[in-house]
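First the structure, in the form of structure tokens, and then the observations on it.
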Protein chains: 2
Amino acid sequence: MIALLPSPVADVGCDPPIDSPSPSLTCPGELLQRLRAAESGRLGELSVPPLVLRVAMGSVVHLEGARVSSIHVVRSGAFKCVRMLEDGYEQVVSFAERADVLGFDGLCRGVHQTTAVALEDSTVYGLSVHEVNGLLQTSPELARALHSAVSRALVDAARIADMMAAVASETRLARFLVWCSDRALERGESPRRLHLRMGRRDIASLLGVAHETVSRCFSLLARDGVLQVENRDVEILDRAALVANSRGTRRNSDLAIRHRAAAA
Amino acid sequence: MIALLPSPVADVGCDPPIDSPSPSLTCPGELLQRLRAAESGRLGELSVPPLVLRVAMGSVVHLEGARVSSIHVVRSGAFKCVRMLEDGYEQVVSFAERADVLGFDGLCRGVHQTTAVALEDSTVYGLSVHEVNGLLQTSPELARALHSAVSRALVDAARIADMMAAVASETRLARFLVWCSDRALERGESPRRLHLRMGRRDIASLLGVAHETVSRCFSLLARDGVLQVENRDVEILDRAALVANSRGTRRNSDLAIRHRAAAA
DNA sequence: CGGCAATTTGAGTAGCGTCAATTATGGTGG
DNA sequence: CCACCATAATTGACGCTACTCAAATTGCCG
């Protein structure tokens with residue numbers, strides 16, 4: 001399932017040439033950049049080069065219920081994190097792409113809470129929990145970078161909640177696509193031409209709807225000229241219309257325009 | 001809105017006497033325990049006692065969109081984290097109680113992604129981001145404790161996704177109550193007698209249903225003898241039945257009993 | 001080329017959201 | 001202490017959306 005590379009191997013293919021030299025600001029993929037640098041010989045504060053693992057499409061990086069021995073950072077490719085519900089339904093909890101952290105949610109109980117499945121052939125950095133604890137002391141910058149990445153996971157969780165909270169399923173899909181577009185932009189890719197790595201079922205699971213409904217919504221948005229859909233390749237033709245669709249419609253009485261004067 | 005305490009003030013009331021001496025294992029509220037110890041004089045690795053803030057019910061600890069100057073750890077009381085959607089709907093993203101971390105999701109962009117509102121009179125520890133970065137180097141244990149707490153937030157996010165993903169709203173409420181029960185148990189309280197700190201609207205928002213539906217589901221579960229409901233005080237009369245209700249019902253064809261043989 | 005899975009489309013029904021009205025609760029001031 | 005108001009919570013009725021079951025089509029990999 002998981003092929004282990006010697007480590008500082010000059011690994012080829014698999015990742016597009018998007019190693020943009022973004023300045024030493026703070027956020028986007030600083031953690032990944034540092035790991036890449038270390039991999040290329042510039043070790044920085046790291047004592048040893050990071051471990052690189054190759055993960056074939058459909059195989060898993062870690063399994064729900066397994067003891068947490070290490071966490072991972074996506075180096076290339078894409079993953080879905082799923083939870084098996086009691087009735088056997090596979091609930092998709094998040095999607096992870098380059099620079100995202102996998103397995104951090106297992107730290108609090110020492111057991112992985114999700115299963116991370118590769119949606120395509122991918123590579124990840126493996127960091128043992130022991131390494132993590134040590135690294136954070138020796139390298140404040142690395143610590144900040146890791147915190148930033150974990151923070152991003154929390155933000156994504158909140159946005160996913162927003163998606164699932166929408167009343168109309170068309171709204172949910174629109175929000176999902178806007179989210180995908182935003183992420184593509186952050187990643188330096190086109191925010192208009194999206195290549196979805198996950199199937200309709202996975203999208204449906206994330207959004208909390210039936211996969212037929214996802215399919216129907218794609219068709220509707222395409223018929224209205226908002227999208228051009230060809231299987232997993234989606235082009236956003238009319239972003240304004242898509243955003244309009246992403247704006248939810250909740251009843252007036254549930255709105256929060258209710259300002260309570262706080263006592264002084 | 002926010003009253004600032006001198007700091008190592010012997011603060012009274014507000015928090016129940018649940019300072020159980022759980023051994024130095026790893027998980028549940030280690031971060032909080034360390035902060036409490038520091039507050040009581042036993043500074044440990046901290047150079048100064050932690051800052052304690054008092055937050056009145058209905059007021060906020062941090063506001064969505066504001067720059068992140070510090071994060072907070074709930075010392076007593078309860079909070080909801082909300083996001084304002086474009087249409088003015090207030091989406092509840094999570095509930096936080098004692099030992100939970102607030103504001104960590106803002107680190108990656110430097111701007112708070114949620115608004116944290118106190119559901120009752122509460123107190124929190126305030127940690128400036130500067131402090132956080134420094135502390136983690138000087139104290140590995142504190143770092144681990146923080147990571148554990150953040151990890152728990154990710155786990156909660158996944159469970160919330162599970163709740164929202166359920167088809168039937170009765171199932172969603174059942175899952176929510178099981179979750180509340182689990183948390184109460186972790187906290188050392190009774191898993192049967194729950195005192196919900198949030199209103200029906202907030203529950204409805206978290207579950208992605210109308211608040212009338214929440215009310216109806218409470219009534220149904222009460223009529224079936226599963227619960228005894230008196231406003232925000234809920235007693236679980238038949239946990240087995242509640243768990244049975246929490247088991248979702250998805251169509252067979254969407255189940256994930258589909259094992260693809262991975263190439264070797 | 002054949003088979004399996006993914007996707008799409010259709011039809012019927014159940015369940016939930018919306019609107020609306022009533023009751024309960026808690027806090028404030030007279 | 002009680003009356004009063006605002007908000008929260010409950011219950012009812014109705015329409016519409018999305019889930020379910022079902023079948024056809026496409027796409028993909030061996």
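Letters A, B, ... mirror the listed sequences (proteins, then strands); counts begin at 1. Reckoned from all heavy atoms, side chains included, excluding hydrogens, waters and symmetry mates.
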Taking only the side-chain heavy atoms of B/Arg201 (C-beta and beyond), determine which of D/dA8, D/dA18, C/dT7 contains the nearest atom. D/dA8
In whole Å, I'd like the distance from the [atom1] atom of [X] to the [atom2] atom of [N].
X        : N      : atom1 : atom2 : answer
B/Asp121 : C/dG27 : CG    : P     : 11 Å
A/Arg200 : D/dT26 : CZ    : C1'   : 12 Å
A/Asp233 : D/dC28 : CG    : C1'   : 14 Å
B/Glu230 : D/dA9  : CD    : P     : 14 Å
B/Leu119 : C/dG26 : CG    : P     : 16 Å
B/Asp202 : D/dT7  : CG    : P     : 15 Å
A/Met198 : C/dA5  : CE    : C1'   : 18 Å
A/Asn231 : C/dA5  : CG    : C1'   : 12 Å

Closer than 3.5 angstrom, by distance alone: can the side chain of B/Thr123 be matched with the main-chain N or O of B/Arg54 as a donor-acceptor pair? no
Test B/Leu177 against every option in B/Leu242, B/Ile203, B/Val243 by the side-chain contact (heavy atoms from CB on, under 4.5 Å) rule and name the one that passes. B/Leu242
First encountered from the 5' end of DNA chain C, between A/Gly199 and A/Val167: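 Closer to the 5' end of DNA chain C: A/Gly199.
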List the residues meeting side chain to side chain contact (heavy atoms under 4.5 Å, CB included) with B/Thr115, not counting sequence neighbours, and say none if there are none.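 Only B/Val60, B/Leu63, B/Glu64, B/Val82, B/Val117 meet the side chain to side chain contact (heavy atoms under 4.5 Å, CB included) criterion with B/Thr115.
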How many angstroms lie between atom CG of B/Leu194 and atom CG of B/Leu196, to the nearest 0.5 angstrom?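 The CG atom of B/Leu196 is 6.0 Å from CG of B/Leu194, to the nearest 0.5 Å.
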Looking at DNA chain C, which of residues 207-226 of chain B put a heavy atom within less than 4.0 Å of it? B/Gly208, B/Val209, B/Ala210, B/Glu212, B/Thr213, B/Arg216
Residue pair A/Glu170 / A/Leu221, side-chain heavy-atom distance below 4.5 Å: yes
Taking the side chain as C-beta and beyond, is there a heavy-atom pair between A/Phe95 and A/Leu119 under 4.5 Å?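 Yes, side chains in contact.
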Within the pair A/Arg232 and C/dT7, is there a side-chain N or O less than 4.0 Å away from OP1 or OP2?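 So the side-chain polar atoms of A/Arg232 do come within 4.0 Å of the phosphate oxygens OP1 or OP2 of C/dT7, strictly under.
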For A/Phe218, is the NZ or CZ atom of A/Arg200 found under 6.0 angstrom from the centre of its six-membered ring and inside 45 degrees of the ring axis? yes
